[in-house]
Amino acid sequence: MSTPLTILGIESSCDDTAAALVRLDGDSAQVLSSVVHGQTALHADFGGVVPEIAARAHAEKLDLAVREAMARAGLTLANVDVVAVTAGPGLIGGVLAGVMCAKGIAAGAGLPLVGVNHLAGHALTPRLTDKAGFPYLMLLVSGGHCQFLIVRGPDDFSRLGGTIDDAPGEAFDKVARLLGLPQPGGPEVERASTVGDASRLRFPRPLLDRAGCDLSFSGLKTAVLRARDSVVAEKGGLTRQDRADLCAGFQAAVCDVLAEKTRRALALYMEEAPPAPLIAVAGGVAANGPVRAALKDVAAQAGARFLAPPLELCTDNAAMIAYAGGVLYRLGHRDDMTLAARPRWPLDAASPAMLGSGKKGAKA
Ligand code: KG4
Ligand code: ZN
């Protein structure tokens with residue numbers, strides 16, 4: 001039996017400055033504290049995350065977030081066994097700020113340091129929250145990521161496919177922007193679509209005609225832009241109902257695409273005859289009611305369990321980094337002061353590089 005570990009996790013790869021403490025004891029994990037400071041207000045005037053602003057805000061806030069996580073857990077550095085930090089992929093300035101902070105703490109307190117892949121943090125969350133058994137299928141759907149992974153072990157992932165351009169959350173945000181709705185756009189578009197008619201404006205279902213699990217959302221967003229312009233040209237403006245109908249049409253297209261690609265990914269995963277078939281989701285778009293319902297249906301049809309961790313552990317956070325760092329540490333992973341920040345870092349080095357690179361940084 002391995003000795004219990006207390007891990008300090010640090011996350012700053014996009015627009016959330018986060019620190020957390022996690023206790024790992026055997027195969028049980030407990031989140032002792034998790035602090036997340038978002039930067040939405042800082043980027044609100046720019047229509048997306050500005051990397052330089054994000055990096056500066058991380059550098060200013062990281063030590064405060066760490067101190068807050070320590071205080072909430074009632075611990076000091078003397079109680080910590082390992083420092084884990086996101087070392088990529090992400091916006092390089094932010095990742096660098098986190099890595100520097102973690103190196104400082106590790107060197108100052110004489111603690112081991114483990115660099116963690118942000119995507120591995122998301123992908124291992126179902127083990128942190130629900131002790132999911134390997135192998136399971138993971139769908140990451142956020143403003144920065146979109147990929148299907150078979151998670152076989154803490155450092156063993158196969159990527160089945162992913163977006164070739166925008167991430168779905170990015171598309172939700174852009175659609176909200178072009179309809180004059182506030183950011184973040186996902187919840188706004190979801191809300192508006194509940195009173196919309198999805199059949200009035202029919203949008204494309206990109207890449208469904210192509211075999212495999214790759215996805216594309218950029219053309220869908222452009223189709224919404226064109227439809228908006230033709231409604232405006234015809235009627236001189238957009239009514240509330242027009243907006244709702246555009247949102248509903250877009251929402252339906254996203255659900256159809258995600259459902260069909262998930263069906264295909266599940267079929268590939270089920271070929272391996274997993275003992276307890278499971279598909280888990282992570283990322284902000286997993287908060288979307290119709291998306292969740294569609295994925296749940298697909299899972300049920302394939303005879304697999306569907307798992308969506310609580311939203312605060314689904315979206316960017318440092319508890320997932322602490323957990324992944326602790327598990328990797330147990331497997332012998334160690335980093336030193338040469339640990340580098342990586343803008344790109346594919347989880348599955350064997351699969352071809354993804355083409356997309358959106359507002360929230362590289363989609364490794
Ligand atoms: O995982 P997350 O907090 O951050 C990263 O992207 O890394 O995800 C944020 C994204 C945003 O694009 C936001 O619009 C989207 O998730 N989102 C939603 C919903 N809630 C958040 N998209 C669709 N429906 C929602 N209810
Ligand atoms: Zn993320």
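As a basis for the values below, the full set of heavy atoms in this structure was taken, side chains included, without hydrogen atoms, waters or symmetry mates. Since we're looking at a predicted model, the values are computed, not measured. Atoms within each ligand, like the ligands themselves, are counted from 1 in listed order.
- Under the 6.0 Å distance and 45° angle rule, Arg159 does not count as a cation-pi partner of Phe148.
- Each of the atoms 6 (O) of ligand 1 lies under 4.0 Å from some heavy atom of Gly144.
- Checking Val141, Asp15, Val285, Asn288 against atom 24 (N) of ligand 1, the nearest heavy atom belongs to Asn288.
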Go through the steps to decide whether Asp336 and Leu113 satisfy the test side chain to side chain contact (heavy atoms under 4.5 Å, CB included), and finish with yes or no. CA-CA 6 Å; Asp336 58 22; Leu113 176 70; over 6 Å; no
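- Between Tyr136 and Phe134, the angle of the ring planes stays under 30°, which puts this pair in the parallel group of the 30/60° scheme.
- If you number the atoms of ligand 1 from 1 as listed, the ones under 4.0 Å from a heavy atom of Ser142 come out as 1 (O), 5 (C), 6 (O), 7 (O), 8 (O).
- Distance check: Ser34 OG to Glu11 CD gives 10.5 Å after rounding to the nearest 0.5 Å.
- Salt-bridge annotation for Arg56 and Glu60: absent, with no side-chain N of the basic residue lying under 4.0 Å from a carboxylate O of the acidic one.
- With atom 20 (N) of ligand 1 as the reference point, the heavy atom nearest to it among Gly169, Gly284, Gly38 is part of Gly284.
- Within a 6.0 Å sphere centred on CE of Met100, heavy atoms belonging to other residues, nucleotides or ligands number 12 at most.
- Distance check, rounded to the nearest 0.5 Å: CG of Leu246 to CG of Leu201 gives 5.0 Å.
- Excluding waters, the set of protein N, O or S atoms lying under 2.8 Å from the Zn ion (ligand 2) comprises His118 NE2, His122 NE2, His145 NE2, Asp316 OD1.
- Between Glu190 and ligand 1, at least one N/O pair is under 3.5 Å apart.
- By the criterion of a heavy-atom distance under 4.0 Å, neither the backbone nor the side chain of Cys14 is placed next to ligand 1.
- One distance of note links CE of Met320 with OG1 of Thr315; it measures 8.5 Å at 0.5 Å rounding.
- Close approach of ligand 1 to Asp316 (heavy-atom distance below 4.0 Å) involves ligand atoms 7 (O).
- Close N/O approach between Gly143 and ligand 1 is found [any backbone or side-chain N/O within under 3.5 Å].
- No more than 12 heavy-atom neighbours from other residues, nucleotides or ligands sit within 6.0 angstrom of CZ on Arg67.
- Using a cutoff of 4.0 Å between basic side-chain nitrogens and carboxylate oxygens, Arg200 and Asp242 are scored as salt-bridged.
- Residues Ser216 and Thr163 approach most closely at CA-OG1, 4.2 Å, considering heavy atoms.
- Ranked by closest heavy atom to atom 12 (O) of ligand 1, the top entry among Asp173, Asn317, Val49, Thr315 is Asp173.
- The distance from ligand 1 to the heavy atoms of Pro187 drops below 4.0 Å at these ligand atoms: 19 (C), 20 (N), 21 (C), 25 (C), 26 (N).
- Near Gly283, meaning under 4.0 Å from one of its heavy atoms, ligand 1 places the atoms 1 (O).
- Near Gly185, meaning under 4.0 Å from one of its heavy atoms, ligand 1 places the atoms 14 (O).
- Put simply, the residue from Phe217, Phe203, Phe172 that forms a ring-ring contact (aromatic ring centres under 6.0 Å, His included) with Phe250 is Phe172.
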